[in-house]
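Can you read through this structure? Questions will come right after.
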2 protein chains.
Amino acid sequence: MATLQDVAVAAGVSPATASRALSAPDSVSMERRHRVLEAADRLGYRPNRSAQALASGRSRHLGLILPDLANPFFATVAKGVQAQARGTRRAVLVADTDEDVRAEREVIEDLQPGVDGMLLCSPRIGEDEIREIAASGPVVIVNREVEGLASVSFDVASGVRAALEHLRALGHTRIAYVGGPATSWSDARRRAALGEVAGLDIVDIGGQRPVHQGGVAAADLVIAARATAVLAYNDLVALGVMSRLRARGLSVPEDVSVVGFDDIPAASYVSPALTTVALPLTRAGHEATTLLDGLDDAVDPPTLRLPVELVVRDSTGPARP
Amino acid sequence: MATLQDVAVAAGVSPATASRALSAPDSVSMERRHRVLEAADRLGYRPNRSAQALASGRSRHLGLILPDLANPFFATVAKGVQAQARGTRRAVLVADTDEDVRAEREVIEDLQPGVDGMLLCSPRIGEDEIREIAASGPVVIVNREVEGLASVSFDVASGVRAALEHLRALGHTRIAYVGGPATSWSDARRRAALGEVAGLDIVDIGGQRPVHQGGVAAADLVIAARATAVLAYNDLVALGVMSRLRARGLSVPEDVSVVGFDDIPAASYVSPALTTVALPLTRAGHEATTLLDGLDDAVDPPTLRLPVELVVRDSTGPARP
DNA sequence: ACCAAAACGGCAAGCGCTTACCAAAATGAA
DNA sequence: TTCATTTTGGTAAGCGCTTGCCGTTTTGGT
């Protein structure tokens, strides 16, 4: 494997010049730059990333920590991060914590020293722990907010409000909220917004795992609560609720209306198509990555709260009179 | 930030001993090891990954290249890789090529120098290119086979056979195959197996993008072809076909039976639940990662072909008499 | 033609760690 | 007790690159 040294020799310049020719093109005369580029090309030179990282103190690696890669929510964010990072030729270290707090701590600890910055997606760990992490390296939080730290989140409150108003307009008054993990910041945000629409009777169906099965499990509670509509923590849960409602002989939206959260692809291609609060997931990935870059020269840590949008499809309809 | 040097001084040993105490525990006496560990802990020592990598020549990073993170197929494989890699405390660099051949080439080129090995998931590039890549570093291919290289793939032929036999048993004789990307190796494998079941009239509906919309687009061709059953390239496409069939007023499975491939989560929670050929995706991720580790001491590159299983659900039924 | 300023490029010192290689210490057999 | 053998730990040489510093060349103003 050819080293920069070899390239320099081949081009008849010093290693310093070779280095500059490759990384700071205009600090070297055109002629020499060409000589170096040509030599590098001819020798098939590939920079040694570890050496670059060690010497420069920057690895050009980003760490992305998320609870579950198989969850389309996170996969989509990851895709956004990816795309943005590749634009600046940086690589993304992805770690899946399996929704496990302990694994999360461990993996963050593990990854942090090797990256230039971390993206914490829906972290389940405590605020103080997050602060500690942020103290030892650039960090942007996604889908959660921590006072004093950079974050990209969604305006879920207005999403919840829009969903509830939609349901109220359809004549629903008794609405079940099927929640997510108890440790989830965004579940807390949704809950907090539940009271903001007047004239509604909200039944809170405790925290489920934020997956299809969680919704299945909750559906019977929804039925027992005699709610005519349900707002779910996310689309996966909403889909689970719908499955089970159907299995119990109820039809959506005739008997029960269902609203999800996230707008994952599956939401639009199940039947009935799911009414849901769409979150700009890919964009969140983009923004978070961009934020990470500007962190040092930022005076105070920027907080982005991205707008959401209620997408009305076929899973919601007028309440039975 | 404390360095190994600092730790060594604090523990009253040489840097070499400190290094060994941390990475080769039993090449150092218990007493000194404790001194080092204690000092490291006290100083909050975190090894510098770049330095370790540079000095040892191993980055403890794996590269995972895949066409689309938002596709549950790949996300699931990625999850398997993740889990396995974390077991051996290695990090995974994930790169999403967006189903684009050029991006794929570029990103592989980019990532390879920084990793100890690469996992190429459903690569779309040419065989010769793959060989070239494999020549400059350990590589395992997932969901494709290249003569002479290590790979983990699925026994799709037997899956196709099982699906076709299932359909034939239900009385279907005219069956549409809705294919995937033309450049896809696994689409070619599926196609190759189509002829293996006798007495069937197979209509080939050309290659679609392997996503929901691809299936939607193909559905009308299926109808026009007067097939009573369709086998789709994957579940996403199958789901797309089903949506559109329904929109066209046909019901599944009464009018048309649909079989997918992969068994992604959505397959089981749509209605009607999708009959599909289940692939052990997470396991593929595991196996591929494990294979990568053993590559050097392998005589000839191992090729795993994992078994698949037809999961019969509600999207297939008897043909109309 | 001469000098100041600007542009360019080389030297060399690391970045923080690993790992031969070898010396010293400890162990055990004789 | 002595010598051969094994264990243990120190010395030092890098791994391949970046970058601050400074001398040299070029440029252009007069």
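Because only heavy atoms are used, hydrogens play no part in the values below, and waters and symmetry mates are left out as well, while side chains stay in. Here is how names work: the chains are called A, B, and so on, in the same order as the sequence lines, proteins then strands, and each is numbered from 1.
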(message) Side chain of S14(A) only, heavy atoms from C-beta on: which candidate in dC11(C), dT11(D), dC17(C) is closest?
(response)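 Closest nucleotide among those given: dC11(C).
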(request) When you get a sec, tell me which of dT19(C), dT19(D), dG10(C) is the closest nucleotide to the side chain of S56(B)? (result)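 When the side chain of S56(B) is considered, dT19(C) is the closest of dT19(C), dT19(D), dG10(C).
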(request) Rounded to the nearest angstrom, tell me the gap between atom CD in Q5(B) and atom P in dT11(D). (result)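 Roughly 11 Å, once rounded to whole Å.
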(message) Of the listed nucleotides (dT18(C), dG16(C), dC15(C)), which one gets closest to any side-chain atom of N48(B)?
(response)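 For the N48(B) side chain, the nearest candidate turns out to be dG16(C).
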(message) Strictly below 4.0 Å: does S29(B) bring a side-chain N or O up to OP1 or OP2 of dG9(D)?
(response)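 Yes, within the criterion.
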(request) Hunt down the Watson-Crick or G-U wobble partner of dA23(C), both distances under 3.5 Å, from any strand shown, or write none. (result)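 Per the H-bond distance test, dT8(D).
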(request) Return the 5'-most residue of the pair A2(A), S27(B) with respect to DNA chain D, ranking by each residue's nearest nucleotide. (result)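 Per heavy-atom nearest nucleotide, the more 5' residue is S27(B).
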(request) Kindly say if Q52(A) contacts the phosphate of dT18(D), meaning a side-chain N or O under 4.0 Å from OP1 or OP2. (result)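 Yes.
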(message) If you compare every side-chain N and O of R60(A) against the phosphate oxygens of dC17(D) (OP1, OP2), does one of them come in below 4.0 Å?
(response)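 Checking R60(A) against dC17(D): no side-chain N or O falls below 4.0 Å of OP1 or OP2.
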(message) Among S186(A), S153(A), S151(A), which residue satisfies the side chain to side chain donor-acceptor pair (under 3.5 Å) criterion with E145(A)?
(response)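 Of S186(A), S153(A), S151(A), side chain to side chain donor-acceptor pair (under 3.5 Å) with E145(A) is met by S153(A) alone.
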(request) List the steps and the verdict of salt bridge (charged side-chain N to carboxylate O under 4.0 Å, His left out) for R209(A) and E99(A). (result) CA-CA 9 Å; R209(A) 290 187 50 227; E99(A) 303 270 2; over 6 Å; no
(request) For R49(A), answer base if it contacts any base atom (sugar-phosphate contacts may also be present), sugar-phosphate if it contacts only those atoms, and nothing otherwise; contact means non-hydrogen atoms under 4.0 Å. (result)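 The answer is nothing, as R49(A) stays clear of every strand by at least 4.0 Å.
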(request) Tell me, yes or no, whether the heavy-atom count around R189(A) atom CZ, taken from other residues, nucleotides or ligands under 6.0 Å, exceeds 12. (result)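 No, the 6.0 Å shell around CZ holds no more than 12 heavy atoms from other groups.
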(request) Check the surroundings of atom CZ in R131(B): do more than 12 heavy atoms from other residues, nucleotides or ligands lie under 6.0 Å from it? (result)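 Yes, CZ of R131(B) has more than 12 neighbouring heavy atoms, counting only those of other groups under 6.0 Å.
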(message) If you compare every side-chain N and O of R20(A) against the phosphate oxygens of dC8(C) (OP1, OP2), does one of them come in below 4.0 Å?
(response)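 No, because none of the side-chain N or O atoms of R20(A) sits under 4.0 Å from OP1 or OP2 of dC8(C).
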(message) Expressed as a whole number of angstroms, how long is the span from D26(A):CG to dG9(C):P?
(response)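 It is 12 Å, rounded to the nearest whole Å.
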(request) Return the value, rounded to whole Å, for the distance between atom NE2 of H34(A) and atom P of dC8(C). (result)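 That distance rounds to 15 Å.
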(request) Taking only the side-chain nitrogens and oxygens of R32(A), find out if one of them lies under 4.0 Å from OP1 or OP2 of dG10(C). (result)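 Yes.
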(message) Strictly below 4.0 Å: does S50(A) bring a side-chain N or O up to OP1 or OP2 of dC15(D)?
(response)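 No, S50(A) has no side-chain N/O under 4.0 Å of OP1/OP2 on dC15(D).
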(message) Under 4.0 Å, heavy atoms only, any strand: does R58(B) hit a base, just the sugar-phosphate, or nothing?
(response)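 Sugar-phosphate, no base atom in range.
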(message) Nearest whole Å is fine: how far is dT19(D) P from L22(A) CG?
(response)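 Whole-Å distance recorded here is 13 Å.
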(message) What is the distance, to the nearest angstrom, from the CE atom on M1(A) to the C1' atom on dC15(D)?
(response)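 It works out to 15 Å between those atoms.
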(message) Considering every strand and a 4.0 Å limit on heavy-atom distances, what is the contact class for S19(A): base, sugar-phosphate, or nothing?
(response)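 Base, at least one base heavy atom under 4.0 Å.
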(message) For T17(B) and L54(B), find the nucleotide of DNA chain C closest to each by heavy atoms; which residue's nucleotide sits nearer the 5' end?
(response)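 Its nearest nucleotide being more 5', the pick is L54(B).
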(request) Kindly point out which of dT18(D), dG10(D), dT18(C) is positioned nearest to the side chain of L4(B)? (result)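 The answer is dT18(C), which lies nearest to the side chain.
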(request) Report the nucleotide, chosen from dC17(C), dC17(D), dG10(D), that has the shortest atom-to-atom distance to any side-chain atom of V13(B). (result)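 Nearest listed nucleotide: dG10(D).
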(request) Please round to the nearest 0.5 Å and tell me the distance separating atom CE of M30(A) and atom NE2 of H34(A). (result)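 Rounded to the nearest 0.5 Å, the CE-NE2 separation comes out at 6.5 Å.
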(request) For atom CD of E147(B), decide whether the heavy atoms of other residues, nucleotides or ligands shown that lie under 6.0 angstrom number more than 12. (result)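 It does not: E147(B) CD has 12 such atoms or fewer within range.
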(request) Take atom CZ of R33(A) and atom C1' of dG9(C), then tell me their distance rounded to the nearest Å. (result)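 To the nearest whole Å, that distance equals 14 Å.
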